[in-house]
K.L.:
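Mind having a look at this structure? Questions to follow.
Residue numbering restarts at 1 for every chain, and letters A, B, ... go by the order of the sequence lines.
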There are 2 protein chains.
Amino acid sequence: MEKQKFGVAVIGCGTVGTAVASALVRDEGYLFEKTGVPLTLTSIVDIDFSRARAAGLPEALFEKDFQKVLDDKSIKLIVELVGGTGFAKDVIKKTLAAGKHAVTANKALLAHHGGELYPLARKNGVALAFEASCGGGIPIIRALYDGLIANRIDALFGILNGTCNYILTEMTQKGRSYQDVLAQAQRDGLAEADPTLDVSGMDTAHKLAILGSLAYGRRVDLEKIPVEGIDTLDSADVAFGRELGYTVKLLGVAVRMENGISLRVRPTFIAQDHPLAWVSGPFNAVSVYGSVVGHTMYYGRGAGGSATSSAVVADIVSCALGTADAVFRNLKIWPDVSEAAVQLPIQDIVSRYYLRLMVEDKPGVFAALAAILGKYSISISSVLQKEPQDESASIVPVVITTHRAKEGDVAKALEEIDRLETTRGTGVCINILDEHEETI
Amino acid sequence: MEKQKFGVAVIGCGTVGTAVASALVRDEGYLFEKTGVPLTLTSIVDIDFSRARAAGLPEALFEKDFQKVLDDKSIKLIVELVGGTGFAKDVIKKTLAAGKHAVTANKALLAHHGGELYPLARKNGVALAFEASCGGGIPIIRALYDGLIANRIDALFGILNGTCNYILTEMTQKGRSYQDVLAQAQRDGLAEADPTLDVSGMDTAHKLAILGSLAYGRRVDLEKIPVEGIDTLDSADVAFGRELGYTVKLLGVAVRMENGISLRVRPTFIAQDHPLAWVSGPFNAVSVYGSVVGHTMYYGRGAGGSATSSAVVADIVSCALGTADAVFRNLKIWPDVSEAAVQLPIQDIVSRYYLRLMVEDKPGVFAALAAILGKYSISISSVLQKEPQDESASIVPVVITTHRAKEGDVAKALEEIDRLETTRGTGVCINILDEHEETI
């Protein structure tokens, strides 16, 4: 190992930071033998080293002064694992300005402030790599910028949040309620004490913004992505969907349409025989439909220190080999060198829909629903109405699935249906996503 | 497009060659815009241009003289899509010797003669890229040399042959016989007129040799891989397995054991809830278990001109960007710069087994079977013995699944069982592959 060391510093010593540091220390010899690159961890920067200490990392690596790391010429790359969009942003900006490569897992930061960071990397002749930002250890960013580069991407469907997928899997397989599963997931450490970012769909939106940008080579505006979480999902709908042959997943969806890209995040029904349907528990997966390759799918652990560190270390190796730089410099798919995406408004989404309406159990009610749907050119595909379990029940659910329709029309029809005297509450509306047709 | 063109020639104008040539012509502008690399197809070499003509490729590209292409300095890369191990080998050797990058989809050639080709590429300072050799359009080679580089690979299970997977899917889902499905697949163009390479498992073995070498960074010897095809598979076993909760797949398996790597190709039962179990029809998929990332899986079309051309073009772009060269030059996982793998002999495979024995329907027979299994320390996990449908039937199947046992012991026990007076024919023995335990 006489070759000049490629010094790496890790900033932020939480779950992922500790896992990355541990991997670099534990596998230094193995990685050198395998890659020919003499990676070496020189510093771990944080103010609290309790996790690092618990993991048995050497005290000599602990450093509280970020500036010292910036000034150290032997450090060629800094890994930002601070999280959030405040100090983390500062870390990356200073790293790039110092002419060092930056590697991050920070989807929120990239989705909100990528616009500032990519050009800074470019200006300073270094790479900004972020495989770990989407899908944890799944090499999905690489698939988009490398393995699938020959393709125009027709569609991308992603299960991108392990907490949500765990909750939905439990709701689906065991018929449990959202609140019940969430509470247990929090007790088991599978959901944060404040789970808002996950269950609201925002975390998935951050990842979809990043993946959508690379897939289409067009800069996606996070603010324009319609986002719905799983926090209002009723287990009754999960059960009805199941009966109809569907599994509900929180999906980030990006579909190329004639006039732009339709992006959205929401609980979505997919057919039980779609490859994404069996992705259960904390696993993530992304289906990508390419114009040349057809349907490909990528599956793995979407979170957790170890799995995420696999992606971070892959980025470190790519930076050291110069391949990260070669793709960052040459390809025109990065958000700072591509045009803004034409993002279609929510009412232009074309999809099939699942509707659940609570109606009075009396003659003529269904005819009224059907008439309103017909008025908006929404064609009914199936109807599920059960005998009331309790004979005295006067309000019963009617479940309707539609053929493909425009979301704007469905919204208008639902509004009108909600105003009927024979309906109660607000109708439930859930996207049904059919297998995307391959164009090869 | 003033930049100096990066000339590409395609040798071999069959299904894949025509698809690659068509992609390069059709997408020249798109690929330049996306990658910044001015790829240009300069020649298609073959003696028969009927397919190329039918695809509407320009006559000006047709060239019968390979030497002219070799001599053309503007051609930086040659794609070998001739197939076979004769002329194809010559094409690649001459390409590399001429200082041009070589891209190939030829698994047989690499598995048999990679030993000659890799060093030649290295000596001439060019890359030999072969993403299309395994899994068609699935970027699985890249996953091993790039996305998963931080990992020691614990295990790799691959469905690597679309023809076999199509046949097995039909047998499983519709209870059809092997011969029946094969005949139809041949009529439908899903199987070759001579399907031997596919159904014998040899094609899968070629791919496993390539993937195993990269996964473990150890040179795998094709000749030492035990190979069984699907051509002797009885639909009765497919049905019994299904009843027990298993789906049969032709798997290429590579597992890292304490004392070496266990590699094999054979029809294998996997649990119906394993991600590979639902991979149906002509699709391929590879599960990779990494020491850091845990279980990841890669899914897509394993054959076909278009899907395969996606991988070929990705390699062309990587060669043009210099990234293919950077990984080929630096990483120590390529077969010419890595040690020979320690390949464990077949009798050392440790697995669970499915056994079907045809026995006389009379008292004491099962006790005799159980005694022999016990003698070889093979522990029974489950037994399935049905009432004979025809009361006069004197020979009935007994299906036994075992706990983990050494294959050598199972073979000895089966030999002994086959010699019993109360058994008929040769017992059927099929591996049961449990979900590999993640080590993260």
K.L.:
What part of A/D27 gets within 4.5 angstrom of chain B, counting heavy atoms only: side chain, backbone, both, or neither?
P.N.:
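Looking at A/D27, just its side chain touches chain B.
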K.L.:
Considering only heavy atoms from C-beta outward, does the side chain of A/K34 approach that of B/I333 to under 4.5 Å?
P.N.:
yes
K.L.:
If contact means a heavy atom pair closer than 4.5 Å, which residues of residues 272-288 of chain B contact chain A?
P.N.:
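Interface residues of residues 272-288 of chain B: B/P275, B/W278, B/F283.
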K.L.:
Pick whichever of B/V317, B/N151, B/I440 has the most heavy-atom pairs under 4.5 Å with chain A.
P.N.:
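Option with the greatest count: B/N151.
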K.L.:
Heavy-atom pairs under 4.5 Å with chain A: which of B/V313, B/L148, B/I316, B/T323 has the most?
P.N.:
B/T323
K.L.:
Quick check on A/R329 against chain B: is it the side chain, the backbone, both or neither that has a heavy atom closer than 4.5 Å?
P.N.:
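Neither part; nothing is under 4.5 Å.
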K.L.:
Please give me the minimum heavy-atom distance between A/A150 and B/L31, naming the atom from each residue.
P.N.:
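Residues A/A150 and B/L31, closest heavy atoms: CA-CD2, 4.0 Å.
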K.L.:
For A/T35, is it the side chain, the backbone, both or neither that has a heavy atom under 4.5 Å from a heavy atom of chain B?
P.N.:
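Contact with chain B: backbone and side chain both.
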K.L.:
Between CG of B/L321 and CG of A/L331, what distance do you get to the nearest 0.5 Å?
P.N.:
5.5 Å
K.L.:
Kindly write out the residues that satisfy ring-ring contact (aromatic ring centres under 6.0 Å, His included) with B/Y298, not counting sequence neighbours, or none if the list is empty.
P.N.:
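Result, ring-ring contact (aromatic ring centres under 6.0 Å, His included) vs B/Y298: none returned.
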K.L.:
Just give me the residue among A/E33, A/E131, A/R301 that pairs up with chain B most often, heavy atom to heavy atom, under 4.5 Å.
P.N.:
A/R301
K.L.:
Picking from A/A324, A/A314, A/G300, A/S306, which has the most non-hydrogen pairs under 4.5 angstrom with chain B?
P.N.:
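Of A/A324, A/A314, A/G300, A/S306, A/S306 has the most heavy-atom pairs under 4.5 Å with chain B.
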K.L.:
Taking heavy atoms only and a threshold strictly under 4.5 Å, list by residue number the residues of residues 132-142 of chain A that touch chain B; give 'none' if the list is empty.
P.N.:
A/G137, A/P139, A/R142
K.L.:
Quick one: which of B/V312, B/D325, B/V327, B/D146 has the most heavy-atom pairs under 4.5 Å with chain A, could you say?
P.N.:
B/D146
K.L.:
Pairs in or reaching into residues 308-337 of chain A: which pass ring pair (Phe, Tyr, Trp, His ring centres under 6.0 Å), with residues at least two apart or in two chains?
P.N.:
A/Y145-A/W334, A/F328-A/W334
